[in-house]
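Bear in mind the structure is a predicted one, so any value in this text is a computation, not a measurement.
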Amino acid sequence: MRLARLRVSLLLVVTCSTLIHLVIGSNLGQAIGVGALLLYLLTLGGQLTTMAKGLLFAAGALSLIALWRASMPALLLFEAGGRFAFFATFVVALSMLRLPAYRSRLVRRCGQCMLLQPPSRRYPILSLGSALFGIILNIGVLSLFAGMIEKSNTLEAAQGRTWVREARQRRMMLGLLRGFSLAPLISPMGIGVAVVLSSLPQITWLELAPYILGAAVLIFLTGWVVDFLTGPHPAAGRLKTSALSPSLQPLVQFSGLLFGIVTLVFCIAWLLTLRLPIAALLGAPLGALVWLAWQRRRLGYAGLPAAISAVHRQLPWLLSPSANEIVVLGAAGYLGHLCVGLVDVHQLAPLLSVLNQWGAFNAVIAMLMVVGLAQLGINPIVTVTLLVGLLPSLAIEGLSPPMIGASLMVGWALALMSSPMTASMLILSRFTGVSATHIGYRWNGRFLATAIPILALWFIWSPF
């Protein structure tokens with residue numbers, strides 16, 4: 001427990017120091033944050049997965065190359081360390097929203113509301129609901145709702161028909177998976193937006209939004225159509241259904257709560273003239289604290305002392321499982337920054353002459369690279385972070401920075417829906433007892449075969 005407290009304390013130092021640097025531009029704050037981050041990494045020991053260890057090894061090897069080849073190695077490594085600290089801060093800040101969410105009765109009521117919808121409405125409501133909850137709970141939404149699905153989808157509920165139970169399981173789990181995968185696209189404070197906007201300071205979320213929100217609508221509608229066409233559709237009267245569908249009021253209330261948190265982030269960005277990812281780092285913990293205080297408002301002083309006490313007591317439980325997420329995301333950002341600093345764009349002139357002929361089709365290639373490499377076990381975070389740093393430096397004709405960022409984010413979403421090696425697929429496999437490969441390629445194959453060409457056309461002939 002002492003070691004867990006030490007790690008949390010170091011992460012809080014990283015978070016506070018990084019926020020000071022990002023808000024007021026203090027290099028001393030960044031130096032303190034990077035130093036605390038190094039100490040935190042040293043305490044992890046055997047806590048890391050193979051991928052996290054591999055990325056740290058790659059980061060160390062590339063750091064040695066930077067010391068040898070870079071013209072100003074100290075500055076390059078310091079800036080790359082700042083990128084690592086930024087993503088560590090992002091994970092800590094967004095994780096704060098999980099504290100009130102996991103204790104919320106509203107979240108449980110929303111889950112029951114989505115699962116008890118009639119078949120004709122279940123997919124769109126479950127998909128949209130899991131996308132909204134994914135903004136706050138991140139991958140925790142899969143464990144929460146997958147467990148609820150398995151408990152509710154009994155053989156008794158299917159009136160003894162095994163094929164009905166299996167069909168319901170497939171359709172609800174795919175709705176959950178596809179909805180969760182949309183969260184990085186639709187959330188202004190999601191990890192995808194943070195990676196892209198922090199790497200492309202010349203663009204804003206409003207420039208990115210038409211591409212990613214349009215793609216999210218296409219993915220949602222394609223999933224809905226494929227779900228309807230693949231069915232099955234039992235004959236009317238064969239199965240008993242509730243005469244009254246559950247009220248959607250809990251989902252409306254949660255949407256209002258989420259809208260309030262997002263509005264808070266935008267207000268902070270506007271009032272303090274900050275970029276959106278930085279405002280999210282301030283708005284998410286503040287929103288979480290207000291939500292916790294509301295849950296404890298009957299304990300006196302508007303619930304604020306009780307909320308602060310809950311945060312202090314539960315932070316080790318909250319942040320201890322995030323070690324691998326912090327390392328994977330932070331090391332990917334670190335590697336991406338070093339690669340951009342070490343690559344000589346002039347040496348890529350022959351490649352540039354080829355890519356210039358393809359124009360906007362390069363966005364499709366970038367999207368497919370993220371999806372394809374994910375099938376080989378390369379985390380989309382790594383691919384997106386590297387490509388979003390390298391592609392803009394090539395200045396390819398017909399490929400705008402917003403289109404680059406959007407295509408990589410869409411590829412990220414598709415990778416979450418297809419790769420059997422992602423955490424999302426492994427979680428669903430654990431709950432369903434179906435192999436991750438079967439879920440990704442058999443269950444989801446028709447959807448992917450339909451969605452990928454549609455999204456390719458979206459980027460080639462986008463009206464924006």
Side-chain angles (χ1 to χ4, degrees), residues 98 101-102 104 106-154 157-158 164-187 190 216-217 219-228 230-231 246 248 250-251 254-255 258 380 412-448 451:
R98 301 180 199 175
Y102 282 138
S104 174
L106 178 60
V107 172
R108 300 284 176 179
R109 286 165 52 208
C110 285
Q112 293 297 331
C113 158
M114 292 187 293
L115 296 180
L116 296 178
Q117 293 297 317
S120 60
R121 292 167 47 184
R122 188 181 297 136
Y123 178 89
I125 291 176
L126 183 58
S127 184
L128 288 174
S130 57
L132 294 177
F133 280 98
I135 294 173
I136 286 183
L137 297 179
N138 198 355
I139 203 165
V141 70
L142 294 178
S143 298
L144 177 63
F145 288 155
M148 294 173 72
I149 287 173
E150 288 302 294
K151 287 180 182 178
S152 65
N153 186 34
T154 62
V164 172
R165 180 180 181 274
E166 292 175 351
R168 283 177 173 174
Q169 181 191 58
R170 172 180 58 82
R171 296 176 72 178
M172 287 195 288
M173 288 298 183
L174 287 179
L176 175 63
L177 174 64
R178 293 169 190 163
F180 162 74
S181 302
L182 289 179
L185 290 180
I186 66 173
S187 172
V217 170
I219 291 172
F220 170 74
L221 292 177
T222 302
W224 192 357
V225 170
V226 170
D227 174 79
F228 177 79
T230 56
L248 295 179
L251 201 55
F254 182 81
S255 299
L258 185 59
W412 192 338
L414 291 173
L416 293 177
M417 302 178 201
S418 60
S419 173
M421 301 183 189
T422 56
S424 55
M425 205 69 75
L426 295 175
I427 288 174
L428 292 193
S429 176
R430 174 164 53 89
F431 276 97
T432 61
V434 179
S435 71
T437 303
H438 191 90
I439 296 174
Y441 299 149
R442 294 290 298 276
W443 281 10
N444 223 14
R446 293 175 184 174
F447 164 78
L448 293 169

Can you check side-chain contact (heavy atoms from CB on, under 4.5 Å) on Asn444 and Leu174, steps first, answer last? CA-CA 7 Å; Asn444 223 14; Leu174 287 179; 3.7 Å; yes

Would Arg122 and Arg171 satisfy side-chain contact (heavy atoms from CB on, under 4.5 Å), going step by step from the backbone distance to the final call? CA-CA 9 Å; Arg122 188 181 297 136; Arg171 296 176 72 178; over 6 Å; no

Trace of the side-chain contact (heavy atoms from CB on, under 4.5 Å) decision for Phe254 with Ile136: CA-CA 11 Å; Phe254 182 81; Ile136 286 183; 3.8 Å; yes

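Of the inter-residue distances, the one linking Phe180 atom CZ with Leu182 atom CG reads 10.5 Å to the nearest 0.5 angstrom. Interatomic distance, CG of Leu142 versus CE of Met173, reported as 9.5 Å (0.5 Å rounding). In this structure, the separation between CG on Leu126 and CZ on Phe133 is 10.5 Å, given to the nearest 0.5 Å. Note that CG of Leu132 and CG of Leu251 are 6.5 Å apart. Values are rounded to the nearest 0.5 Å.
Ring-centre distance between Phe220 and Trp224: below the 6.0 Å cut-off.
When all heavy atoms of Ser130 and Gly179 are compared, the pair lying nearest together is OG-CA, 3.3 Å. Across all their heavy atoms, Ser187 and Ile135 have their closest contact at OG-CG2, 3.4 Å. Listed here is the closest heavy atom pair of Val141 and Leu176: O-CD1, 4.3 Å. For the residue pair Ala183 and Ala131, the shortest heavy atom distance occurs at CB-O, 3.6 Å. In terms of heavy-atom proximity, Leu248 sits nearest to Cys113 at CD2-SG, 3.6 Å. Pro420 and Leu426 get closest at one heavy-atom pair: O-CD2, 3.6 Å.
Of the possible polar contacts, none joining the Ser127 side chain to the Pro124 backbone as a donor-acceptor pair under 3.5 Å is found.
Note on residues 413-429: pairs passing side-chain hydrogen bond (donor to acceptor under 3.5 Å, both in side chains), not counting sequence neighbours, are Gln375-Ser418, Thr422-Ser424.
With a 4.5 Å cut-off on side-chain heavy atoms, Trp443 and Gln169 count as touching.
In the displayed structure, Arg446 atom CZ is contacted under 6.0 Å by at most 12 heavy atoms of other residues, nucleotides or ligands.
Relative to the ring axis of Phe447, Arg178 places its NZ or CZ within 45° and under 6.0 Å from the centre.
In this structure, the side chain to side chain contact (heavy atoms under 4.5 Å, CB included) partners of Ser181, at least two apart in sequence or on a different chain, are Leu177, Leu416, Met417.
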